Amino acid sequence: MNIQPLIDALDVQEDAVRTLADDLHAQIDDLQERLREAETHLEHLAITRKTIAGLADRLPISPPELPEHPDCPRILTVFNEAEGPLRAKDVCQALSHELLPKNIEGTRAKLKRLVKLGILTEADTGTFARNQ
């Protein structure tokens, strides 16, 4: 019996499986390299997060947004120029508003809004000052 055709068939299969194994090893090497790159990137992101978290308390806090009413910047100017706390009536006077109850109450409401935003403080009831 001639077994050479069987040996030849085994050689062909062995070559095919060896080629498949070599291809799989190449894919494994490629995947391991990609995995190392991904892990390195994760390490860098963790370092960046830690750095940012460490610096967060040192970054300046942006000032709160002012209400869109045109009097708000003018009110802040009045407080920047003031020597001490002011009442709503004093602010109305500085803004050249008539000293009518509706104007004083409107100004008081604006001052209270600025207190809620943390821009002003209410030192005593009805007395407002710039937040330091």
Side-chain angles (χ1 to χ4, degrees):
M1 175 162 173
N2 189 4
I3 61 167
Q4 191 57 41
L6 288 174
I7 301 235
D8 291 342
L10 284 174
D11 286 342
V12 169
Q13 285 184 352
E14 192 176 274
D15 289 343
V17 171
R18 187 172 288 117
T19 301
L20 177 63
D22 290 343
D23 289 346
L24 291 174
H25 280 292
Q27 288 178 13
I28 288 171
D29 291 343
D30 183 51
L31 289 173
Q32 285 177 332
E33 178 61 28
R34 289 174 57 194
L35 177 61
R36 277 192 295 277
E37 289 172 2
E39 288 173 339
T40 300
H41 192 68
L42 281 173
E43 289 173 10
H44 291 166
L45 290 173
I47 291 167
T48 302
R49 178 183 300 276
K50 187 175 180 180
T51 302
I52 289 173
L55 293 175
D57 58 342
R58 297 183 203 166
L59 296 175
I61 298 171
S62 61
E65 293 284 325
L66 284 178
E68 292 185 22
H69 195 281
D71 276 349
C72 287
R74 294 176 59 212
I75 289 171
L76 291 181
T77 302
V78 169
F79 277 96
N80 286 337
E81 295 171 355
E83 302 267 332
L86 300 172
R87 302 183 78 60
K89 183 177 180 180
D90 302 327
V91 175
C92 275
Q93 218 168 12
L95 296 175
S96 301
H97 292 321
E98 283 187 68
L99 296 180
L100 300 173
K102 68 176 188 172
N103 292 341
I104 295 171
E105 287 305 314
T107 301
R108 183 175 288 113
K110 290 177 193 121
L111 295 174
K112 293 262 186 191
R113 252 182 265 131
L114 292 172
V115 167
K116 283 184 182 178
L117 291 172
I119 297 171
L120 297 179
T121 57
E122 193 167 6
D124 291 322
T125 304
T127 305
F128 301 90
R130 186 73 195 241
N131 198 359
Q132 301 300 332

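Basis for what follows: all heavy atoms, side chains included, without hydrogens, waters or symmetry-related copies. Bear in mind that the values here come from a model prediction, so they are computed numbers and not experimental data.
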What is the minimum heavy-atom distance between Leu99 and Cys92, and which atoms define it? CD2-CB, 3.8 Å
Nearest heavy-atom pair of His97 and Thr107: which atoms, and what distance? CD2-OG1, 4.4 Å
Given salt bridge (charged side-chain N to carboxylate O under 4.0 Å, His left out), test Glu105 with Arg108 step by step and report yes or no. CA-CA 5 Å; Glu105 287 305 314; Arg108 183 175 288 113; 2.4 Å; yes
At what distance, to the nearest 0.5 angstrom, does CG of Leu6 lie from CG of Asp11? 11.0 Å
Are side-chain heavy atoms of Arg130 and Leu76 found at a separation under 4.5 Å? yes
Val91-Ile104 co-clustered via ILVMFWY side chain contacts under 4.5 Å: no
dist Thr125:OG1 -> Arg87:CZ (nearest 0.5 Å) comes out at 8.5 Å
Separation between CG of Asp90 and CD of Gln93, rounded to the nearest 0.5 Å: 6.5 Å
Tell me whether Thr127 contacts the main-chain N or O of Ala123 through its side chain, where contact means a donor paired with an acceptor under 3.5 Å. no
Contact between Phe128 and Leu86 at the side-chain level, heavy atoms closer than 4.5 Å - yes or no? no
Crowded around Leu31 CG? As in, over 12 foreign heavy atoms under 6.0 Å? yes
Euclidean distance, His41 NE2 relative to Arg34 CZ, rounded to 0.5 Å: 14.0 Å
CG of Leu114 to OG1 of Thr121: how many Å apart, nearest 0.5 Å? 11.0 Å
More than 12 foreign heavy atoms under 6.0 Å from NZ of Lys89: is that the case here? no
Flag the pair Leu55 / Ile52 as yes when at least one side-chain heavy-atom distance between them is below 4.5 Å, and no otherwise. no
Compile the donor-acceptor pairs under 3.5 Å between side chains in residues 12-27 and protein atoms, sequence neighbours left out, one pair per line.
residue, atom, partner, partner atom, Å
Glu14, OE2, Arg18, NH2, 3.4
Thr19, OG1, Asp15, O, 2.8

Given the rule in the salt bridge (charged side-chain N to carboxylate O under 4.0 Å, His left out) test, do Glu33 and Arg36 qualify, once you have shown the distances and angles that lead to the verdict? CA-CA 5 Å; Glu33 178 61 28; Arg36 277 192 295 277; 2.9 Å; yes
Is any side-chain heavy atom of Arg113 closer than 4.5 Å to one of Leu117? no
Roughly how far, to the nearest 0.5 Å, is the CZ atom of Phe79 from the CG atom of Leu111? 5.0 Å
